[in-house]
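Count residues from 1 along the sequence.
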Amino acid sequence: MTFGIEFVPSDPVLKISHYAKLAEQQGFDNVWITDHYNNRDVYSTLTVLAMNTNSIKLGTGVTNPYTRNAAVTASSIGSVNEISGGRAILGLGPGDKATFDAMGISWDKPLTTTKESISAIRGFLAGEKVTQDGDMVKFSGAKMAFKTGDIPIYMGAQGPKMLELAGEVADGVLINASHPKDFEVAVEKIAAGAKKAGRDPKDVDVAAYACFSIDKDATKAANAAKVVVAFIVAGSPDMVLERHGIDPSAKADIGGAIAKGDFGALMGGLVTDDMMNAFSICGTPDDCKARINDLLDIGVTQIVAGSPIGPNKEKAIKLIGKEIIG
Ligand code: F42
């Protein structure tokens with residue numbers, strides 16, 4: 001099992017660099033930086049991290065194939081790989097329609113676009129001249145002019161077809177989920193995809209990209225995670241909520257409170273214990289350890305501590321290092 005940590009560059013890059021260094025010292029294996037156009041740029045952030053850390057692997061968690069052409073992505077991640085001495089990982093997922101609508105980019109065929117982009121990027125990373133006439137991604141003899149090195153490619157995926165595709169073509173998959181029930185389904189889909197492609201499912205790193213909140217005080221840990229869980233519930237398909245015994249009508253109330261900025265209502269009861277249990281790894285070190293063990297039993301191979309990590313990020317990173325990784 002490996003341990004990863006996610007940072008969202010809504011925080012200044014130098015602050016993230018400080019946390020990443022601390023995470024490295026505490027034994028984390030991977031740091032994942034999210035990519036949204038309205039935050040600091042993912043590759044600038046990874047470059048600063050590369051210069052300020054020594055061994056932790058550095059991943060986009062995740063970038064997308066719509067705002068950046070596959071050749072540009074190969075060049076960017078290849079540069080991070082060179083600067084970091086071979087520590088780069090490319091995480092790629094299609095992103096979401098609302099974001100691209102706001103940017104005036106049409107979000108067509110997310111699965112096909114992801115699949116064809118990965119194929120092209122693999123070609124670029126292998127130093128090939130890429131000629132590809134896909135439905136969504138086309139190249140006519142483009143080629144990198146420098147050696148990028150061999151860089152693992154992970155997919156961000158939740159849906160059944162995307163998970164199957166990850167099993168077919170990716171080195172790992174970052175799954176936004178925290179509960180064994182979701183991974184039972186996911187691991188099956190990934191294995192089916194791997195078998196279809198003649199691969200060993202064990203060659204695919206299955207990462208729980210989880211809403212994580214740890215503190216010695218369980219209530220403080222839960223309070224820090226409630227707003228993140230509210231956003232997850234509001235954005236979850238009904239099928240996922242039903243899988244956890246949560247009435248999908250709760251989505252409207254929570255979505256309404258988020259839209260109004262009524263965080264008091266979220267904290268005061270709209271986000272229930274069942275929701276917290278379904279959509280976060282949360283509590284004392286013992287609580288978190290118990291959930292992690294359940295996830296490992298089901299086939300998860302990497303735990304990624306995602307937002308909020310804890311009520312106090314620095315203390316939380318140290319607590320994970322001492323009580324869980326150590
Ligand atoms: N998105 C970001 O924009 N930035 C991030 O930093 C980020 C981080 C992140 C981390 C982990 C993670 O799991 C996801 C993350 N995401 C992030 C979101 C990510 O980019 C993707 O949006 C998300 O993982 C994809 O969700 P999904 O697996 O549910 O896929 C969607 C697209 C879906 O609908 N999938 C369907 C499925 O069953 O899997 C398949 C849809 C399909 O087949 N479409 C056809 C096609 O070709 O695309 C077209 C069908 C037609 O009718 O045209």
Side-chain angles (χ1 to χ4, degrees), residues 2 4 30 32 34-35 42 57-78 80-81 86-96 107-139 142-144 148-177 182-183 185-209 299-302 304:
T2 54
N30 307 303
W32 299 97
T34 62
D35 182 11
V42 62
K57 299 216 171 87
L58 307 165
T60 54
V62 298
T63 188
N64 72 78
Y66 289 95
T67 52
R68 303 172 203 261
N69 178 281
V72 175
T73 293
S75 164
S76 301
I77 200 72
V80 172
N81 203 42
R87 291 187 280 138
I89 306 179
L90 179 69
L92 188 84
D96 63 281
W107 194 67
D108 296 327
K109 296 202 172 183
L111 179 137
T112 307
T113 306
T114 304
K115 182 178 180 175
E116 292 179 1
S117 297
I118 290 177
S119 162
I121 292 166
R122 289 235 188 256
F124 289 123
L125 299 182
E128 291 164 10
K129 196 172 190 183
V130 176
T131 298
Q132 183 171 309
D133 187 21
D135 282 345
M136 302 300 292
V137 179
K138 300 183 195 297
F139 283 101
K143 186 177 185 298
M144 290 299 110
T148 58
D150 192 16
I151 300 170
I153 300 182
Y154 280 52
M155 268 176 64
Q158 271 75 237
K161 288 187 187 159
M162 287 285 288
L163 290 164
E164 217 175 296
L165 174 64
E168 282 175 53
V169 304
D171 299 295
V173 50
L174 304 169
I175 304 168
N176 262 156
D182 296 312
F183 286 97
V185 180
V187 165
E188 224 173 78
K189 295 288 171 198
I190 295 164
K195 282 181 194 148
K196 201 162 118 189
R199 306 173 72 202
D200 183 345
K202 288 202 182 78
D203 291 342
V204 185
D205 185 15
V206 179
Y209 207 90
V300 168
T301 47
Q302 180 177 169
V304 181

Examine distances only and state if a side-chain atom of Trp107 and a backbone atom of Pro94 form a donor-acceptor pair shorter than 3.5 Å.
yes
Expected output: side-chain Tyr66 to main-chain Asp96 donor-acceptor under 3.5 Å:
no
Where do Ala120 and Val137 come nearest, in terms of heavy atoms and distance?
CB-CG1, 4.5 Å
For Lys57 and Asn30, which heavy atoms make the closest approach, and how far apart are they?
CB-OD1, 3.3 Å
Residue Asp150 excluded, over 12 heavy atoms near CG under 6.0 Å
no
Heavy atoms of Thr34 and Tyr209 approach each other most closely as CG2-OH, 4.0 Å
Heavy-atom check, side chain of Lys189 versus side chain of Val173, under 4.5 Å:
no
So salt bridge (Lys or Arg N to Asp or Glu O under 4.0 Å) across residues 152-168, not counting sequence neighbours, yields Glu164-Lys196, Glu168-Lys196
Side chains of Phe124 and Ile77: does their closest heavy-atom pair fall under 4.5 Å?
no
pair Leu92-Val62: side-chain heavy atoms closer than 4.5 Å:
no
How close do Thr148 and Ala74 get, heavy atom to heavy atom, and via which atoms?
CG2-O, 3.9 Å
Interatomic spacing from CD1 in Ile151 to CG in Asn81 - rounded to 0.5 Å:
4.0 Å
Report yes if the side chains of Ile175 and Ile190 come closer than 4.5 Å at any heavy-atom pair, otherwise no.
yes
Here the pair of heavy atoms bringing Val304 nearest to Ala207 is CG2-CB, 4.1 Å
Met144 CE to Leu125 CG distance, which is reported to the nearest 0.5 Å:
8.0 Å
Can you tell me how far CH2 of Trp32 sits from OH of Tyr154, rounded to the nearest 0.5 angstrom?
5.5 Å
Please list, chain by chain and in numerical order, all residues satisfying side-chain hydrogen bond (donor to acceptor under 3.5 Å, both in side chains) with Thr131, sequence neighbours excluded.
none
Please check this pair: side chain of Thr114 against backbone of Pro65, looking for a donor-acceptor N/O pair closer than 3.5 Å.
no
Do the side chain of Ser75 and the main chain of Ala71 share a donor and acceptor less than 3.5 angstrom apart?
no
So OG1 of Thr60 and CG of Leu90: to nearest 0.5 Å the spacing works out to 4.0 Å
Without swapping roles, check the side chain of Arg199 against the backbone of Gly193 for a donor-acceptor pair under 3.5 Å.
no
Using every non-hydrogen atom in the two residues, find where Ala177 and Asp182 come nearest and quote the distance to one decimal.
CB-CB, 3.9 Å
dist Met162:CE -> Met155:CE (nearest 0.5 Å) comes out at 3.5 Å
Is atom CD of Gln132 surrounded by more than 12 heavy atoms (other residues, nucleotides or ligands) closer than 6.0 Å?
yes
Does the pair Asp35 and Arg68 meet the rule for a side chain to side chain contact (heavy atoms under 4.5 Å, CB included), with working shown?
CA-CA 11 Å; Asp35 182 11; Arg68 303 172 203 261; 3.4 Å; yes
Should the pair Arg122-Asp171 be classified as a salt bridge under the 4.0 Å nitrogen-to-oxygen rule?
yes
Going from OG1 on Thr112 to CE on Met136, what distance comes out if it is rounded to the nearest 0.5 angstrom?
7.0 Å
Can you confirm whether more than 12 heavy atoms, excluding those of Lys195, are under 6.0 Å from its NZ atom?
no
